[in-house]
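Right, one structure below, let's go through it.
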Number of protein chains: 2
Amino acid sequence: MKDGNATRRRLLDAAAAEFAAYGIAGARVDRISANAKANKAQLYAYFGDKDRLFDAVFQEQADELVNVVPFSADDLPGYALALYDACLTRPNLVRLATWARLERVPAGALVTSMPEQAERKLAAISDMQRAGRIDPALAPEDVLAMVSMFALTWSPASLFHTATQADPEADHERRRQALAEAVRRAFSPPEGTAATGRS
Amino acid sequence: MKDGNATRRRLLDAAAAEFAAYGIAGARVDRISANAKANKAQLYAYFGDKDRLFDAVFQEQADELVNVVPFSADDLPGYALALYDACLTRPNLVRLATWARLERVPAGALVTSMPEQAERKLAAISDMQRAGRIDPALAPEDVLAMVSMFALTWSPASLFHTATQADPEADHERRRQALAEAVRRAFSPPEGTAATGRS
DNA sequence: GAGTAGTAACTAACTAGTTTGTTTGAGGAT
DNA sequence: ATCCTCAAACAAACTAGTTAGTTACTACTC
């Protein structure tokens with residue numbers, strides 16, 4: 001039997017690249033099918049229409065986005081650094097998410113399809129707060145959002161400066177150091193606060 | 001004489017709203033001229049084409065974006081708070097900048113049209129570093145980018161959670177407090193570092 | 001009456017989505 | 001091996017609606 005999944009796969013990959021580059025409104029169905037070396041009719045058979053194709057792409061990539069960098073509440077600076085590097089190697093992931101934000105989800109939480117992962121991360125932050133490693137005055141959800149956003153300071157979604165792999169390594173090093181240090185300080189418990197161990 | 005400038009003004013305003021909502025590719029010239037209660041031919045007479053219209057809008061709004069919140073290097077938390085509030089009252093400013101990033105400037109600095117303002121801010125940060133109020137280990141440009149990005153954690157460009165004015169005031173208060181505290185800690189000089197006054 | 005503002009119809013190209021007819025290759029039966 | 005079937009794949013033409021950009025014409029103001 002011909003491998004229908006392979007065609008589907010090529011279409012999804014081509015669509016991911018196209019949507020990342022041009023967004024939903026800017027993406028061209030003909031370009032997608034051409035780049036996938038597949039037929040437009042096939043695209044429509046598999047995915048219904050352009051919007052549902054974007055949904056399929058985004059759902060898959062959201063998985064990717066949430067999981068490329070393993071979350072470690074006990075090492076927020078390390079997490080931020082890993083995110084910085086991920087933005088360099090996988091810029092399209094960030095671009096795709098940004099298009100989704102602008103064109104689909106103007107307010108509220110962007111990804112709601114993986115509540116268990118989110119819960120896990122928040123719980124991990126809570127744990128670290130109880131262990132005296134993260135400032136307990138901050139809401140776990142805010143910590144997560146702020147750390148992540150911090151790491152995106154030089155991402156393709158940045159409104160200031162987007163870093164690329166072509167940048168001098170010295171720039172990357174400077175940013176990584178600044179990022180790690182700032183994250184470490186921002187979320188540590190205030191000086192003089194003793195860890196309570198367990199209550 | 002009929003007031004051509006008024007028409008130009010209405011076109012710019014309608015275009016700003018349209019581009020903020022739909023981006024460049026998604027914006028519709030007909031909608032813009034209709035909402036401006038002006039004619040499409042006028043739009044083309046004034047601005048040439050869709051892309052140059054976007055340029056005109058963005059240049060004007062970039063001014064706005066850079067100046068809505070006065071920068072205060074001696075009160076970075078206050079600056080961040082003001083940015084948070086500005087995102088709530090002027091979400092379109094952020095959306096417009098994000099579209100520009102995605103559709104126009106995929107890498108590097110997003111706004112380069114106001115070098116003197118940028119210089120001023122960086123110099124102010126430098127001053128505060130010399131005065132021992134901001135960690136001198138950080139590059140001024142990184143401080144500026146990180147603080148600003150921090151404040152955009154809940155903006156319309158956030159990949160996590162976009163806040164709106166409709167959110168409960170308690171949420172806003174919680175975020176403002178977290179933001180101010182985190183910014184204060186992140187950029188303060190390390191404990192035990194004495195201000196050198198002037199060298 | 002001259003120049004500017006405004007209008008509406010128009011064009012030429014593009015785009016999402018569909019249809020038609022054809023080809024390819026795997027697997028089962030003989 | 002050979003034939004048959006069937007679903008996946010393909011190319012290309014087609015539809016119907018949309019869109020950026022243009023033009024020819026009218027109305028207003030000085």
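This one's a predicted model, so the numbers in the text were calculated from it and none came from an experiment. Below, chain A is the first sequence line, B the second, and so on; all start at residue 1.
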### Query
Which nucleotides of nucleotides 7-14 of chain C have their base under 4.0 Å from a protein heavy atom (B), which only their sugar-phosphate (S), and which neither (-), written as one string 5' to 3'?
BB------
### Message
Below the 4.0 Å mark, does C/dG6 have OP1 or OP2 next to a side-chain nitrogen or oxygen of B/Thr7?
### Response
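For C/dG6, OP1/OP2 do have a side-chain N/O of B/Thr7 under 4.0 Å.
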### Contact under 4.0 Å: A/Tyr46 side-chain N or O vs D/dA8 OP1/OP2
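No.
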Side chain to side chain contact (heavy atoms under 4.5 Å, CB included) involving [X] - partner list, sequence neighbours excluded:
X: B/Ala73; result: B/Phe71, B/Ala124, B/Ile125, B/Met128
X: A/Asp13; result: A/Arg9
X: B/Ala80; result: B/Val147, B/Ala151, B/Leu179, B/Val183
X: A/Asp75; result: A/Ser72, A/Pro77

Take atom [atom1] of [X] and atom [atom2] of [N], then tell me their distance rounded to the nearest Å.
X: B/Asp30; N: D/dA20; atom1: CG; atom2: C1'; value: 8 Å
X: A/Arg10; N: D/dA8; atom1: CZ; atom2: P; value: 15 Å
X: A/Ile32; N: C/dG17; atom1: CD1; atom2: P; value: 11 Å
X: A/Leu43; N: D/dC10; atom1: CG; atom2: C1'; value: 14 Å
X: B/Tyr22; N: D/dT18; atom1: OH; atom2: P; value: 14 Å

### Message
Assess whether a salt bridge exists between A/Asp55 and A/Arg52, defined as any Lys/Arg side-chain N lying under 4.0 Å from an Asp/Glu carboxylate O.
### Response
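Not counted as a salt bridge, because no side-chain N and carboxylate O are separated by less than 4.0 Å.
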### Query
Across the strands shown, which category fits B/Ala27 at heavy-atom distances under 4.0 angstrom: base, sugar-phosphate, nothing?
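If one applies the 4.0 Å heavy-atom cut-off, B/Ala27 turns out to touch the sugar-phosphate alone, with no base involved.
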### Residue pairs fulfilling salt bridge (charged side-chain N to carboxylate O under 4.0 Å, His left out) with at least one residue in residues 23-42 of chain B, sequence neighbours excluded
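Residue pairs passing salt bridge (charged side-chain N to carboxylate O under 4.0 Å, His left out), neighbours aside: B/Glu18-B/Arg31, B/Asp30-B/Lys40.
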### Task
List in chain and number order the residues that pass side-chain hydrogen bond (donor to acceptor under 3.5 Å, both in side chains) with B/Glu173, two or more places apart in sequence or in another chain; answer none if no residue qualifies.
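Residues passing side-chain hydrogen bond (donor to acceptor under 3.5 Å, both in side chains) with B/Glu173: B/Arg176.
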### Task
Identify, residue by residue, the members of residues 49-61 of chain A with a heavy atom below 4.0 Å from DNA chain C, and return them in order of residue number, or none.
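Here the set is A/Asp49, A/Lys50.
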### Task
May I ask you to check whether B/Arg101 and A/Ser158 show a side-chain donor-acceptor distance below 3.5 Å?
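No, because no side-chain N or O of B/Arg101 sits under 3.5 Å from a partner of the opposite role on A/Ser158.
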### Task
Report the residues that fulfil ring pair (Phe, Tyr, Trp, His ring centres under 6.0 Å) with A/Phe187, sequence neighbours left out, ordered by chain and then residue number.
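A/Phe187: no ring pair (Phe, Tyr, Trp, His ring centres under 6.0 Å) contacts found.
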